[in-house]
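Note on naming: letters A, B, ... go to the chains in the order of the sequence lines (proteins, then strands), and numbering restarts at 1 for each one. Bear in mind the structure is a predicted one, so any value in this text is a computation, not a measurement.
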2 protein chains.
Amino acid sequence: MTGQVRTVDGRVAGRRGQETRQKLLDCLREMLSTSPYRDVKVIDVARMAGTSPATFYQYFPDVEGAVLEIAEEMAKDADTLKELVAGKSWAGKSGPTTSEELVDGFLAFWRKNDAILRVVTLGAAEGDKRFFKIRMTVLNAVAKPLAEAVKELQAKGQADKSLDPNAVAGALVSLLASAAEHQKAFTSWGVKVKDLKPNLAPLVYLGVTGKKPPK
Amino acid sequence: MTGQVRTVDGRVAGRRGQETRQKLLDCLREMLSTSPYRDVKVIDVARMAGTSPATFYQYFPDVEGAVLEIAEEMAKDADTLKELVAGKSWAGKSGPTTSEELVDGFLAFWRKNDAILRVVTLGAAEGDKRFFKIRMTVLNAVAKPLAEAVKELQAKGQADKSLDPNAVAGALVSLLASAAEHQKAFTSWGVKVKDLKPNLAPLVYLGVTGKKPPK
DNA sequence: CGGTAAGCTGACGGCATGACAGGACAAGTT
DNA sequence: AACTTGTCCTGTCATGCCGTCAGCTTACCG
């Protein structure tokens, strides 16, 4: 099914090898969250994992390759984000609740993976297709069901039909991603972290339904 | 007034020196837009500028230092973004126009400086205060006047007072920044680049005024 | 024309990269 | 216990970039 884990030179990795490999990934992850991406060196990761640079190169072609690995793992995890929107109702009083839970869940996910997402975001912005794809996987977990919700509301005549559902959903997800990545910016605008959710949620509701949230 | 340009070892740069310095900055800028940030090396920049690495280190402490220089230049330029919002009306038919011009102007600015902004965004996300400050300067050029506009509308009773004007303005600017940086994502959602403006503008209008744009 | 400061680079030690061959190790076989 | 086999790790090496310095060249000025 899933091809076995292999070393760069084609050998199949056994139990011990996979452990080392995993430890390297863990250390890299740790490294990414403590130092600037540009300064992450193979030798530091190897040292932290109690092994040598040569070992690192047995399992990964370079730092980027290992980062991609971590990112793909995270992308799988992003599947759980779907639940935040799929099957939820935007009608009546439950609408604002749906919106709040979406904002909350999304911010939590981003915060949990912020270091790796930073690198993914950069890679995607730089035009790297592999990183772009991973970023889309994460965003789509929310954007796709969100676009569906908008479509449904439009069909029922409860939302502005002149807007492209995909564009609206995409914009809202972009907003959430940006807000999550740069929470500090909001702090400097005088918006406390705990006020982020109550302020973003109405905007999401507004975007999806096109009308003010009911009190 | 503005302290003269100085080399790393304290000498004042003369005409010729400033030219070399500028050429290095130009080449670095070029480099940033063609290769991943992580792979930009001093030696490549120097080679492109027809000089030696040692010369680079005369004018800049490292790559990051030079990038900061470029970014600060751009931040000054961002002052023009203020005109997009300051003194503009959100009432009646002019509201949607204001919104469209804002989206258009902002996207254009971002596109023009996308390479350097990518790095600034990364630096800010990584917690580097210098990059964070520069990013805030750019965003504030739009966010500050936008927050003022929201405040005014709230005072006139034309907008929802339960929302924090700073939060709303910040969120909208974040949205624009994210959309600008990841236009490709929208393409992959089936939203063409030329459809970006007509789809983002109503959202901005909606966020600022809290109501649907008039036809 | 000589003095002074600016401007540039060759050269160097130091460190990261990336490849390889060979030794250590675990587990099963005879 | 000796042997075999395949996995796993590392010492070592060539290469290339980093960042610094001494020293050479160039420009300007009295």
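- Atom CD of Q18(B) is separated from atom C1' of dA27(D) by 15 Å (rounded to the nearest Å).
- The CD-P distance, from Q58(B) to dG10(C), rounds to 14 Å in whole Å.
- Within the nucleic acid shown, R11(B) comes within 4.0 Å of at least one base atom, counting heavy atoms only.
- Between I43(B) atom CD1 and dT20(D) atom P the separation is 16 Å, expressed in whole Å.
- Taking the side chain of R16(B) as heavy atoms from C-beta on, and the options dA27(D), dA16(C), dT10(D), the nearest nucleotide is dA27(D).
- Ion pairing between a basic and an acidic side chain is recognised when a charged N comes within 4.0 Å of a carboxylate O; E64(A) and R38(B) show no such pairing.
- Regarding contacts with the backbone of dC8(C), a side-chain N or O of T20(B) is found under 4.0 angstrom from either OP1 or OP2.
- Between the side chains of N140(B) and W189(A), at least one donor-acceptor pair of N or O atoms lies under 3.5 Å.
- Within 4.0 Å of F56(B), counting heavy atoms only, lies no atom of the nucleic acid at all.
- Taking the charged nitrogens against the carboxylate oxygens, D79(B) and K76(B) have no contact shorter than 4.0 Å, which rules out a salt bridge.
- At a threshold of 4.0 Å, the pair K88(B)-E83(B) does not count as salt-bridged, since none of the basic side-chain nitrogens sits closer than that to a carboxylate oxygen.
- Under 4.0 angstrom from either OP1 or OP2 of dA6(C) there lies no side-chain N or O belonging to T7(B).
- Remark: C1' of dC25(C) and CD of E19(A) are 14 Å apart, rounded to the nearest angstrom.
- Toward the 5′ end of DNA chain C lies the nearest nucleotide of G10(B), the other residue of the pair G10(B) and V40(A) mapping further downstream.
- Among the nucleotides dA16(C), dC20(C), dT9(C), the one closest to any side-chain atom of A54(B) is dT9(C).
- Atoms CZ (R6(B)) and P (dA5(C)) sit 13 Å apart, rounded to a whole Å.
- Comparing dT10(D), dC28(D), dC17(D) against the side chain of R15(B) picks out dC28(D) as the nearest.
- Nucleic acid contact for F60(A): none, since no nucleic acid atom lies under 4.0 Å from a heavy atom of the residue.
- Between E19(B) and K23(B) there is no salt bridge, since no side-chain nitrogen of the basic residue lies less than 4.0 Å from a carboxylate oxygen of the acidic one.
- Atom CG of D9(B) and atom C1' of dC21(D) are 11 Å apart (whole Å).
- One interatomic measurement links the two molecules: CZ of R38(A) to P of dA16(C), which rounds to 15 Å at whole-angstrom precision.
- The side chain of T55(B) places no N or O atom within less than 4.0 Å of a non-bridging phosphate oxygen (OP1 or OP2) of dC8(C).
- Here dT20(D) is the nucleotide among dT20(D), dT10(D), dT9(C) with the atom lying nearest to any side-chain atom of Y57(B).
- As rounded to whole Å, 14 Å separates atom C1' of dT20(D) from atom CG of D62(B).
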